[in-house]
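Okay, structure first, notes after.
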There are 4 protein chains.
Amino acid sequence: MLKGIFPPIPTPFAGDEISLEQLKNNIEKWNSTGLAGYVVMGSNGESAYLTWDEKIKLVSAAKEYASGNKVIIAGTGSDSIKSTIHLSNKAAEAGADYVLILTPHFYQSKMNHEALLDYFRNVADNIAVPLIIYNVPKFTGVNISSDTVSVLSGHENIIGIKNSSENLAEQAEIIRNVQNDFSVLIGTASVLYPGLCMGACGGIVALSNIAPSECIDIYNMTLKGEHINALDVQRKMLKINKLVTSQFGVAGLKYAMDMLGYYGGLPRKPLQPLTNKERELMNEILTEADLI
Amino acid sequence: MLKGIFPPIPTPFAGDEISLEQLKNNIEKWNSTGLAGYVVMGSNGESAYLTWDEKIKLVSAAKEYASGNKVIIAGTGSDSIKSTIHLSNKAAEAGADYVLILTPHFYQSKMNHEALLDYFRNVADNIAVPLIIYNVPKFTGVNISSDTVSVLSGHENIIGIKNSSENLAEQAEIIRNVQNDFSVLIGTASVLYPGLCMGACGGIVALSNIAPSECIDIYNMTLKGEHINALDVQRKMLKINKLVTSQFGVAGLKYAMDMLGYYGGLPRKPLQPLTNKERELMNEILTEADLI
Amino acid sequence: MLKGIFPPIPTPFAGDEISLEQLKNNIEKWNSTGLAGYVVMGSNGESAYLTWDEKIKLVSAAKEYASGNKVIIAGTGSDSIKSTIHLSNKAAEAGADYVLILTPHFYQSKMNHEALLDYFRNVADNIAVPLIIYNVPKFTGVNISSDTVSVLSGHENIIGIKNSSENLAEQAEIIRNVQNDFSVLIGTASVLYPGLCMGACGGIVALSNIAPSECIDIYNMTLKGEHINALDVQRKMLKINKLVTSQFGVAGLKYAMDMLGYYGGLPRKPLQPLTNKERELMNEILTEADLI
Amino acid sequence: MLKGIFPPIPTPFAGDEISLEQLKNNIEKWNSTGLAGYVVMGSNGESAYLTWDEKIKLVSAAKEYASGNKVIIAGTGSDSIKSTIHLSNKAAEAGADYVLILTPHFYQSKMNHEALLDYFRNVADNIAVPLIIYNVPKFTGVNISSDTVSVLSGHENIIGIKNSSENLAEQAEIIRNVQNDFSVLIGTASVLYPGLCMGACGGIVALSNIAPSECIDIYNMTLKGEHINALDVQRKMLKINKLVTSQFGVAGLKYAMDMLGYYGGLPRKPLQPLTNKERELMNEILTEADLI
């Protein structure tokens with residue numbers, strides 16, 4: 001089972017192109033922490049704005065720069081089953097240990113139990129590495145049900161879910177229903193501590209790009225039963241987490257990285273950079289959270 | 001501060017009229033448990049379908065039947081400030097210790113920070129008992145922000161919130177921002193355990209009508225740091241809780257009460273009774289949860 | 001059948017109290033137009049903020065001030081069947097020719113076909129004047145289906161619907177399915193012209209409070225087949241209509257009335273008055289629409 | 001300016017592969033009608049499930065099979081500006097006269113005015129054929145505002161919009177605000193007639209795949225001022241249109257094509273075929289609409 005904290009890493013750009021040099025710098029910094037691995041081409045990796053060539057290049061580079069004990073998870077899903085299989089296998093060849101596959105969502109209202117089973121089974125049957133389901137209703141408009149996850153958890157090549165819903169009732173149902181060896185990972189740091197209380201085995205959370213120690217602390221403290229300490233750290237992270245996720249998104253996360261010694265840079269268009277006022281607020285909240 | 005578990009009790013009807021006799025039977029059963037008090041005329045009390053006379057009669061009766069250590073909280077809010085003040089004071093005279101006041105919501109998109117401050121301050125300034133804010137987005141379409149709650153928590157007559165959102169990130173922000181003596185109560189048993197982990201001081205949860213011991217166990221175990229036990233009970237309650245809340249609503253809760261030795265009866269029209277198939281499912285899940 | 005244009009009139013307040021004097025002034029101005037009647041205590045009448053006594057007083061006064069050829073429609077619905085019947089009959093005694101009854105909505109997700117049939121039939125069976133259904137999803141979260149309206153249109157005391165959805169596909173389905181003598185009234189001036197094209201028999205539209213001639217023009221021109229002229233007027237009214245409805249709501253409508261020789265005044269709390277900037281925009285758009 | 005009715009044609013599959021033979025048969029049938037052209041790889045073309053090679057093959061084939069007077073519009077948009085430019089230019093080389101570009105939408109909440117301007121300007125500046133904006137909130141969660149469309153209508157290579165919202169108030173605002181030579185096309189047959197009344201210059205509507213004559217009748221009758229006739233046809237088409245769009249989607253449209261002498265076949269997975277019960281309903285409504 002997957003365990004621990006994984007940052008969904010942003011993709012660094014220099015001008016219009018991916019900067020592998022900056023990626024290397026970032027990963028080397030993260031290598032020295034207790035992070036369990038890296039998610040490449042998740043939502044924070046601007047996967048939607050990358051070409052296939054860029055995606056494969058990123059996976060190879062991440063694999064190369066990551067220290068040996070870090071797992072590489074690659075986001076390779078799209079609505080097309082054919083394309084998803086193809087890209088997933090390329091990513092596996094390039095070094096991905098797992099693939100993170102978004103729920104298909106273009107025809108939102110038709111993505112019912114049967115459709116989602118069909119999609120994930122077809123993909124999982126045809127790829128060389130284990131599959132992690134990626135549920136993120138705020139981007140996709142699709143919310144996979146605990147019943148569907150339960151059935152899929154019986155597939156030997158579907159080994160977990162990153163659930164980015166903040167609804168812990170649904171997450172609790174998922175954990176209750178799935179096979180024992182199925183990994184339920186929290187998808188947003190806003191509910192990292194209570195999600196771990198509810199039985200999640202770790203988290204893929206944007207915040208861990210800029211606050212790896214704090215996220216790992218929440219994880220370890222909860223495991224050790226140090227609930228009051230875990231809650232303290234969780235509360236301290238609430239505001240900054242909101243800024244780098246729902247409020248300012250990828251542009252906010254990248255700016256925070258710039259402020260903290262990592263390379264963030266600008267997001268790709270059409271994502272917009274932070275305004276000056278937003279930057280000021282970010283600096284203020286980074287300071288308040290003792291990160292700067 | 002409020003502490004512990006409070007059931008939002010259903011209103012028993014015999015034919016078209018309220019049955020105080022059945023109310024008495026129910027309350028006498030609950031009196032023998034560790035429940036901290038009773039919420040009369042919450043959403044589960046079908047407040048929207050009761051006349052003012054019926055409401056006052058209910059508060060008086062609940063006060064009379066409740067054992068001395070049980071707090072009485074009366075749901076008396078409506079969009080009209082004038083009516084809310086009037087009914088709240090009548091309820092206070094009839095024995096209510098607190099009033100639970102729904103966010104105003106008819107003009108949903110206009111219920112911003114200023115409007116909500118205006119509403120709650122005007123009400124709180126003019127009523128004889130302390131006010132608890134009631135946030136229930138699924139019924140009202142309004143979700144009060146943690147900033148608004150934070151300001152209102154500074155008012156001496158506004159002493160808490162029942163938050164029925166399942167979004168624990170928002171709840172965590174509320175707890176972080178409010179005055180220290182402000183009571184944040186979980187509004188739905190689906191997130192009772194993680195909500196308590198996050199610092200809530202108790203819960204007003206429909207499930208405690210039919211499973212008072214289990215809800216009180218979750219509360220006590222969490223307080224004592226027995227997290228694994230608390231999680232066990234929480235998980236066991238997930239399915240049945242869903243049936244008596246989001247899935248079947250008041251009709252479901254009342255049917256479950258009938259099955260468990262309380263009096264539920266039928267909801268008022270236009271709410272519809274359960275179908276036979278829904279009843280069968282309810283029986284099955286009540287059994288699975290070891291309640292029957 | 002109902003025909004023509006009806007303004008849902010705002011309730012004028014002087015300080016905290018209803019001003020019947022200002023109501024009289026407004027109605028006398030409207031009496032000289034071709035408006036077909038007046039809706040008292042609709043959403044624009046701040047019905048949610050009025051006491052029962054105030055409501056009955058308003059109906060009586062409106063009936064008295066209205067010229068003989070104007071129909072009086074009173075908004076008397078609430079979630080409670082009992083209260084709705086009671087208030088509707090009081091309104092009928094006070095002079096209402098019709099009542100406009102909001103879909104019940106507190107338990108939104110339970111207001112299915114059967115529940116809505118139960119509600120409207122029970123009310124319609126027990127009131128002394130004909131019933132008009134009021135569908136306004138943006139306030140209630142409930143959208144009555146064309147199938148439900150179709151069944152209800154067969155009840156002899158349910159004679160029409162005010163449909164405030166801007167979705168003309170749904171409106172077209174309603175018109176197609178209902179009994180021939182059932183009145184389908186457009187509920188928002190933003191789609192008045194195309195709604196009439198689709199077969200609606202008139203409109204209950206906020207804009208007609210401040211632009212009665214323009215709304216009546218759209219109605220008459222469409223009926224006479226002068227489509228290009230009707231479209232011209234419709235387009236000219238788009239921006240101002242948005243300001244006095246979705247954008248600024250009742251406060252906006254009342255301010256525009258003040259600017260145009262009617263009495264608007266302030267809305268009741270918790271509704272907030274316009275800011276200075278919003279007033280400037282309102283003046284600008286009123287001028288652009290040739291209303292000032 | 002674009003004028004008339006364009007079907008967004010489904011992509012025919014034989015087993016797992018595109019069947020150009022069936023495409024040819026379908027297009028030859030449509031060639032004999034008054035349809036103004038064909039949209040290839042719209043939402044009904046299952047664009048989300050096609051590889052780039054398949055897309056280019058489809059455009060070439062459609063261009064070849066279409067009679068000379070039919071315009072070819074290719075759906076080539078994705079979130080990535082780079083990919084959208086690349087695919088659009090390939091489609092232009094393959095014979096597309098216009099490209100239809102979906103609003104970017106993965107980061108829904110960030111797709112504000114500036115982001116959408118950036119996206120569409122960057123694409124339009126770099127492609128060899130004129131661009132049509134594609135707004136379809138039910139699939140994307142993004143609803144482009146009339147202000148944004150207004151600015152974009154000033155770009156010389158952005159010549160129109162397919163607006164699949166059923167909200168005619170918004171459409172009216174768009175038409176009012178854009179440059180005179182900008183083409184506003186209705187995106188769903190449910191509001192074809194009233195949309196044309198409001199000033200739209202034509203429609204890209206799924207229904208025209210199976211009922212080209214009826215859609216063209218609505219268009220011509222409205223233009224000639226034969227409103228009663230246009231409304232008659234519109235009403236007759238309401239139910240069947242709903243089945244082949246919102247209710248059963250692409251699978252429904254394809255089944256209806258099979259019933260009417262075209263080749264529909266099955267959609268690609270994960271889209272599910274109709275159940276037997278759904279097929280029966282489809283047959284019934286096709287008969288009721290006099291199409292079978």
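Throughout, protein chains are lettered first and strands after them, A, B, ... in sequence-line order, and every chain is numbered starting at 1.
For chain C, no part of B/Phe120 is nearby; none of its heavy atoms comes within less than 4.5 Å. Both the backbone and the side chain of B/Glu114 come within contact range of chain C, each with at least one heavy atom under 4.5 Å from a heavy atom of that chain. For B/Asp16, the part sitting under 4.5 Å from any heavy atom of chain C is the backbone (N, CA, C, O) and nothing else. Heavy atoms of C/Ser246 lying under 4.5 Å from chain B belong exclusively to its backbone.
C/Asn163 and C/Glu170 are not linked by any side-chain donor-acceptor pair at a separation below 3.5 angstrom, with hydrogens and angles left out of the test.
A salt bridge links C/Glu54 and B/Lys82; the closest N-O separation between the charged side-chain nitrogens and carboxylate oxygens is under 4.0 Å. Between B/Lys57 and B/Glu17 there is no salt bridge, since no side-chain nitrogen of the basic residue lies less than 4.0 Å from a carboxylate oxygen of the acidic one.
Ranked by heavy-atom pairs under 4.5 Å with chain C, the list B/Gln272, B/His86, B/Arg268 is led by B/Gln272. Ranked by heavy-atom pairs under 4.5 Å with chain C, the first of B/Ser47, B/Ala251, B/Ser43 is B/Ser43.
C/Tyr107 and B/Tyr49 have their aromatic ring centers within a separation under 6.0 angstrom.
Using cut-offs of 30° and 60° on the angle between ring planes, the pair C/His105 and B/Phe106 is tilted.
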